[in-house]
Structure formats: C-alpha cells, structure tokens
Amino acid sequence: MAEQYEHGDTTQDPRVVMNEELNGPQADAVTHVDGPLLIFAGAGSGKTRVIVYRIANLLAGHHVPPYRILAVTFTNKAAGEMKLRLERLVGPEIVRDLWVGTFHSVCVRLLRKHHEAAGLDRGFVIYDDADQRAVVARVLKELDLDDRRYPPRQVLSRIHAYKQEGRSPDDIDSDSYFDDAVTRCYRAYERHLKTASAVDFDDLLLAVLRLVEDPESLAGEDLRSRFRYVLVDEFQDVNHVQYRLVRALCQKHDNLCVVGDDDQSIYRWRGADVRVIRGFRRDFPTANVIKLEQNYRSVGNVVQAALGVIRHAKDREPKELWTSNRPGDPVQVVAADSEHDEAAWVAARIRELTEQGVSPREIAVFYRVHAQSRVLEEVLRSERIPYQIIGGTRFFERAEIKNLLSYLRVVVNPRTDVDLHRIINVPPRKIGATTIDRLIQVADNLQVSLYDAIQPLAEGAIQDAHTGNKPSVTPQIRKNLLAFRDMMEKLREMAREASPSQLAEEILERTGYARLLKEEDNAEADARLQNLHELLQSILDYEEEMKAAGEPALLTGYLERVSLTSDADTLEDVPKVAMMTIHAAKGLEFHAVFLTGMEEDLFPFRSMEPSRNDDVEEERRLAYVAVTRAREKLWITHASRRAIFGQTRYNAPSRFLKDMPASAVRGVLTPASQLMARRPEGSGGFGMSQGAGRFGGGRGDRDRSAGARFDDGPRLAWRHPQQGAMGSAGSASPPAALRNLPVRPPTPSATAAPGERFVEREPDVESDGEAISLRRGSRVQHDRFGLGTVNSIDPGPDPIASVTFSGWGTKRIMVRFLKPLEGR
DNA sequence: GGAGTTGGCCTTTTT
DNA sequence: GGCCAACTCC
C-alpha cells in the first residue's frame, strides 16, 4: 500500500525499532496505524515516547515517506525534541523530510509555498501582539473612535475571538453600538494588514484553512492530498480553527491520530476548547480509543496529590491514573508569612538540594503569574543560585530589539506600516509626530502604505479629499524624508547580496543607532548595546544552523523564526534553576518542583473583572498540570500576606490544597510563620477580640488567625483543626490540616458555634459611626461610581478601600463614602 | 518640533 | 510597581 521511499536507509526492521519495552496500551498506540485514533495520555504516561515510536513505525515498518507525515506539536521545543529522538531511531536524513512543528510554523511553511494563492506577498511579515495593537490604535483614530471607550486591547481581543471562531467581519451581526464599532474596526484592521502585506497569528491558520477548504483551489488540492498521516499532540488545547484545519488536511484518508489529556487543558482563554477532544468520538465514530494510564514519572505521593486535585474536576473523561513507583517523600505544603518569607524558604531548600548533589537544571520554581517572579528572582540572585526565567518581558519585546527587527522587516517588506512607524524617527532624524500624522493622512487618502506615501508627501502633490488642504512639509522635512527613503532603498539593494547578519550590522552603522547608544554612555544604553549584540549573535546562530542543514539562510526565515518562537522554547539546557509560569511548564518535568503562591484568588486566580471568572475548573486543571511536573520532590507554598499588583493582599490557602489526600501531604511552617503563630493574641488593636481565642488550646497552630494582628490590616483568619497537630514539640507543624481549611464559609461574619472546627473572619471596619462589615468581595455602592466590588482594604483611622466599579475601573475610596450592600 | 515630566492606567495565562 | 500617553516647557 505505501509508496516506497527510497531516501536513505529505511529498511530497519520494525521489531528493531520496537525493541524498547512498551506496555500493552502503549504498544497498541504505536501499531494501530490506520484510521482515526484517539489516545488519552495521562500525565507522565510516556506520551512522547509513544508518538516517536509511532512515527518510527510508520517510517520503518510501513515505509511511509517522511514528507507524507505531519506531526503537530505545541511548542517548537517539543518539535525539536521529537525530531531528536526520531533521529536516533531512523536517522537524520529521514527526519529532515518529516513535517514536524507547531500549527503556526507548519502553516507558515505551507503559506510560503502558496502565498500567491493566499493573496500574500512573498515577503509577508507576521504581526505580533504589539504590532496588532498599533494597527488597532491607528484604525481607531481613522474611524474617529475614542480609544478610551474602545480600548485597543479590548477591541483587539474581540477581533481575536472572532478570528479564532473563523468569523470574518461579514459574519457578524452586531446588535450593539459597541459591537458595531468593533466590527468596523475589524474590517479596517483587515484592510490595513492586507495593505501592509502582514498577517497576524490567527491569519496564519485561517489563510491555510481557506485554501484547504476551497474545493476549487489548486493549492487547496495540493494541501488536501499532501499528508497521509497526521498526528496532533496536546490535542486538548486545539481551537476550532485548528481542528477544522486538521480535519481538512486528512479528509482523504482519516489517518488522524490525536493525543491529549482533557485533564491538562489549560488554554481555554486563547480559544482552546476541551470539547473538541471530548467530542472526538462523535466526529469520528470509527475511532479507536486508547488510554495510557500508568504514570512512570512521579513518585506515588505526587501522583496521589495530583489525583486528589483532579478528582474533583467536573466533566472529565473517566480514567484512572496509577503508578507502581515507590511513594517517595510526602508533598510538603509550606505556610509562609509573606512572599519574601516564601522566597527565602524556596532558596534555602534549593540550596539544600544542590548541596545534596541535585543539579539546578533539575529544579524548577512555578508561579501562577509573572508578577510573582520578581521577589523570587531577587532572593535567588542574592543567594547566588543560578537561574533562568522563562517568559516575562521577552527579549524580543525590548525596544532596541524591536527597532532593529523593524528595520529588517521594512527591508523585506517596505509596506509594513507598523514597523515603518516604529523606526522612521529612530534614531531621531527630525521626522516628528506632525510629519508622521501628515504621512498617515496621505497614505489613507491614496490607500497606500506609509512608505509609498513618503514620495507624494515630500513632493506636496496631494490634496486632502475632505478638507482640500494640501499636506505639505518644509524643505528641511522634505529633505529628511527623502534621505530616509534613500537610505532604506540602499539597504534593500544590499539585502539582495548580503547575509542577514551583515545587513543587520550595516543597519546599525548606517542609521547611526549604534553610535547614538555608544555616545549615551550610561548603564541603560550599554545594556541596549549588549542586547543588540545578542541579537546579532542569534542571527549568526541561525545562519550557522541553516548552513549545517544545507539550506540558504534567508532573512525572511530568520524573522519568521523570531515571530514564532515562544517562551517555552527558550528554556536552555543549562545547570540553572528554571523559573516559569505553570503554563510554560506544560510538557516539562523536574526532579524537584516548587509550586508557589498556592492561595485563594491567586491560584485559583481571580481577575478583577468579574466577567472573566467562570473558570475555576481550568485553574484546577492547571494545578493538576503543576503538580504532575515533579518527579521526586514537590513543595507547595502559600503566604498569608502578599504584595502583588501594587497592593498587599491577605489570602487563605488555596482550595486545591484541601483536595490532596492527607496521606500524601505534610504541612510545614516557615520559621517566620512559626513566629507569627506563637505571637500572643491580644497584642493588637481592635478586630481580634472575636477573631481569635475562641477555641483551641493555645498551641502554635492556632493563632495564625488573623484578626490577632491589626497592624497587618484586615486579613482572613483561619484556624487549623485540632486533629492534625502531630508532633507537638513546638514544631507547630500545621497539620495535615491545611487541606481541610474551609475557604470562605457561607456566612463570613457569623460567629462559629463551638464544635465547629474552623472560623474565618476579619475585623469589621467602622464607617461613619455605623458598624459595617466590609471585606474583600463585598458589594458596595458609591454615590458617583455606582455599584462596585471591594478588592482590599487599607486600615487606619480612615480606612481606604480599593474598589472595582463596573464602567469606572478600580478606584481607591475612603470607606466612609461606601454603602455596603446585602450579599456579596 | 522635540524633550522631559507628570499623571493615569492596568495588573493571567501566549502561538 | 511599571508602562504609556498626554501635557508642558523649551
């Protein structure tokens, strides 16, 4: 059946390929070659191995030509790893011809082939988020819409959402004025991208999808018959466009193998839909379904903790993850006093680990949001523990880097307005805002790009259609404009011969950008120079790599790589502790993991905007992902007080902690936290009188209750059940207890009846002589701003609350101006 | 026209 | 706490 493939030595016996041990379901997943196949791969169940063997089996066992196999991964890094492992099995020559990559990188490759059919220039550029926002900003101006009423971010996210559903401006019924405005923006946005010969991330997929689904298109026919076997990894995170794309690509043969785990679906916010994997059997009734349920990665206690968390998830595909690994150490749940205390604790444990001989590359620190990383980073730096941060402010987002890249992109494609706008006056060449406004005016009038508007503006030949004005410029400005254009033309000329790195250096020289930075001669400018140097090096690396692969090093190729490289791809294999968000940790594993910030409202994360808070389920899955990254050791930390986003918050431990089985977990207090715990109650001001001291025998674990210390402001009080007080000897280990903490009892201020095991309350806030109980989450009314929700309260003689009002955003208001409402 | 300063904004997760 | 935009001053 298979076409023979004569390239290289593919004659390996499949049994040779299969000589590693695979268990029953794994072997099935490898050998079930034809027809649709759905593999549920639990965390740590050897998924990558199965995919690699499956591909090797297709190549060697079934002699499928490599260029007929498409494997889609979630990150470039995963693709690289897959290729590496395949090379060991079937050799590099064959692997070179395989199609392995992310949806986006595969689509770019296909689009470069069929750019004409897709209506794109050969040199099309990819607009990232910032570029897109710049386009939206320009569009808003053009349509005369107030960017305060229509924040570019919001408009853009709407456009995104439409695109991820595959809807064009024509497919939208707008039933509100806002929607209507967004739709008009969407239309204009599309027009601008087209004029600029630019695509955004969504377009990459949509453009290919349009071709594949077009029965008339020749390019579409090529795409439809191109691949005979399609594999999709991390299938729980595909969105609708991606799913349609996959189906269209294999409509001729149905040899579609998807691998995923609905429990690990964590990208709903960017269009992923778990229902796709859950509904796969409905769409492909003949599909075989295989479940990989044995976890080979983690020690028993980690698996138990993870299972405890995910067991409470709604609507999951039934599966039983299990392991035969030894139980290992219990998962440690660490109560810290503050984020600094937490960071210090983490650093101390990392120090211990490395002293025991654990390599820093086997240690990772996770957090829910990037904002948490700074404190951790500071401590690691002062402790001289080597670390690398994945994500955050990205290298390629630094201004100087974007500038140089913009130059390169304009060289490739002068019509890319966003890039032109960014560099036309960098370094300053006396082309100011007024001039640029005129340039935009001319460009809009003529419906051309900014670059193509330079000449007409300089010549003053244009008349504004509406006002009849002739946008004109002074002779000096005219000279500046033409000089700029001239310089770009020379660079474009040069680009035909020179390598990308030569061109980049030439740009730095010729534009005077390098000189400017050198002359500034301060720390910041030095850092920028350093960064530019790093960029040059990365271009050189790219050229090296292409040379090694026997391919030409094209500037477009480099730019494309930059656009499509994700944070997760930047994890280096070096002996440094890895710090990253949990999202970035997906697919990775470490000997030791620190999961920080395990607190209500941080994890599960609660946004200030109530609208976007329906996703505790996804947070739960995120917690599951986090826990299952650890092979041997897992510390989960939470702090009772944390300064984040410019304010101090007092959060209870995360609800997910209490879902972990007691047998797998051990509670620990940091020294600072113990100190707090021992602090005698009654030392503070008001608010403590009922908060503490009602129950309990005065043991250490009892008085972490909050109200006891007013100087720290209002905080949630909690109390550990007596039962868990193992080991009294002052060790104050809080018990297994943490996991049983009730989070937000139904009536917060209700006095707990004796016998109730926990209390949660916080000091009331006096207001205008009338005692009201305001707390985080309280609904309040303000004369001017209307209804709002309390985020936090700064205590004092005149307490101030941070309150989010719908329509007004977050304001700081004195509590006495707020009227509490019933309910929350 | 340009540079510098202040004020106001938001504040998840990213191919 | 950091970034962007608008405003002011030169």
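Chain identifiers are assigned alphabetically (A, B, ...) following the order of the sequence lines, protein sequences preceding nucleic acid strands; residue numbering begins at 1 within each chain.
Remark on DNA chain B: of its neighbouring residues A/Glu619 and A/Phe201, the 5'-side contact belongs to A/Glu619, judged by nearest-heavy-atom nucleotide.
In this structure, the CG atom of A/Asp237 is 11 Å from the C1' atom of B/dT13, given to the nearest Å. If you measure from atom CZ of A/Arg133 to atom C1' of B/dC9, you get 13 Å, rounded to the nearest angstrom. Summarising the geometry, the separation between CZ on A/Arg268 and C1' on B/dT14 is reported as 17 Å, rounded to the nearest angstrom. Straight-line distance from the CD atom of A/Gln132 to the P atom of B/dT15: 13 Å, rounded to whole Å. A straight line from CG of A/Leu156 to C1' of B/dC10 spans 16 Å, rounded to a whole angstrom. Taking atom CZ on A/Arg153 and atom P on B/dT13, their separation rounds to 10 Å, with Å as the unit. The CG-C1' distance, from A/Asn480 to B/dG1, rounds to 11 Å in whole Å. If you measure from atom NE2 of A/His104 to atom P of B/dT14, you get 14 Å, rounded to the nearest angstrom.
The heavy-atom pair separating A/Ile582 from A/Leu595 by the smallest distance is CD1-CD1, 3.8 Å. Counting all heavy atoms, side chain and backbone alike, A/Leu657 lies closest to A/His638 at CD1-CD2, 3.8 Å.
Comparing the P positions of B/dT13 and C/dC4 gives a spacing of 16 Å, expressed to the nearest Å.
Within the 3.5 Å criterion, the main-chain N or O of A/Thr596 finds no donor-acceptor partner in the side chain of A/Glu342.
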Practice item. Start with the C-alpha distance between A/Ser168 and A/Tyr162, add both sets of side-chain angles, then the distance that settles side-chain hydrogen bond (donor to acceptor under 3.5 Å, both in side chains), and finish with yes or no. Key: CA-CA 7 Å; A/Ser168 72; A/Tyr162 288 136; over 6 Å; no
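With B/dT11, B/dT13, B/dT15 as the candidates, the nucleotide lying closest to the side chain of A/Arg368 is B/dT13. Here the nucleotide nearest the side chain of A/Arg374, chosen from B/dT14, C/dG1, B/dT15, is C/dG1. Distances from the side chain of A/Val369 to the nucleotides B/dT13, B/dT11, B/dT15 place B/dT13 closest.
The side chain of A/Thr581 places an N or O atom within less than 4.0 Å of a non-bridging phosphate oxygen (OP1 or OP2) of B/dT14. Checking the phosphate oxygens (OP1, OP2) of B/dT14, a side-chain nitrogen or oxygen of A/His370 falls inside 4.0 Å.
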Just the table, please: protein N/O against nucleotides 2-4 of chain B N/O, every pair under 3.5 Å.
from  : atom 1 : to       : atom 2 : distance (Å)
B/dG2 : OP2    : A/Gly432 : N      : 3.0

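Note that A/Arg167 lies outside the cation-pi zone of A/Tyr186, set by a 6.0 Å cut-off to the ring centre and a 45° limit from the axis.
Between the side chains of A/Ser406 and A/Arg422, at least one donor N or O sits under 3.5 Å from an acceptor N or O.
Residue A/Arg275 qualifies as open at atom CZ: its count of foreign heavy atoms under 6.0 Å is 12 or below.
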